[in-house]
Amino acid sequence: MLARSSGSSDTDGCNAITNARDIAGQIALVDRGNCTFVVKAANLQAAGAAAMIMVDNVPGAVPNVV
């Protein structure tokens, strides 16, 4: 399920999720960029998502995340 948010990009998960009813209990798909992975995960967790898949829309290696 594509997560929608109220930020500059409606699919990056950097702001409150606007379709939380659709996301709850689902695996959410978000775009990479515009904020940290932690912010995206927190917003999706607040919306009730079961998991997050991030689409890598930036060339090059994914940064190290601990």
Side-chain angles (χ1 to χ4, degrees):
M1 176 63 58
L2 185 61
R4 301 272 181 196
S5 64
S6 59
S8 58
S9 168
D10 68 347
T11 57
D12 64 9
C14 291
N15 295 81
I17 304 301
T18 59
N19 64 333
R21 181 174 282 162
D22 297 329
I23 294 299
Q26 303 296 315
I27 298 172
L29 180 67
V30 295
D31 290 330
R32 178 180 167 199
N34 298 331
C35 65
T36 66
F37 296 170
V38 172
V39 169
K40 294 172 189 295
N43 287 332
L44 289 166
Q45 183 178 28
M52 173 179 77
I53 296 176
M54 192 170 327
V55 176
D56 189 4
N57 58 350
V58 178
V62 175
N64 228 358
V65 179
V66 177

- Item | Separation between CE of Met52 and CD1 of Ile27, rounded to the nearest 0.5 Å | 12.0 Å
- Can you tell me how far OG1 of Thr11 sits from CZ of Arg32, rounded to the nearest 0.5 angstrom? 14.5 Å
- From Leu29, Val39, Ile17, residue fulfilling side-chain contact (heavy atoms from CB on, under 4.5 Å) relative to Leu44: Ile17
- Query: Under 3.5 Å, side chain of Asp12 to main-chain N/O of Asp31, donor-acceptor pair present?
  - Reply: no
- Query: If you take all heavy atoms of Gly33 and Lys40, which pair is closest and at what distance?
  - Reply: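 In terms of heavy atoms, the two residues are closest at O-NZ, 2.9 Å.
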- Item | Closest contact, heavy atoms only, Ile23 versus Ala49 | CG2-CB, 3.5 Å
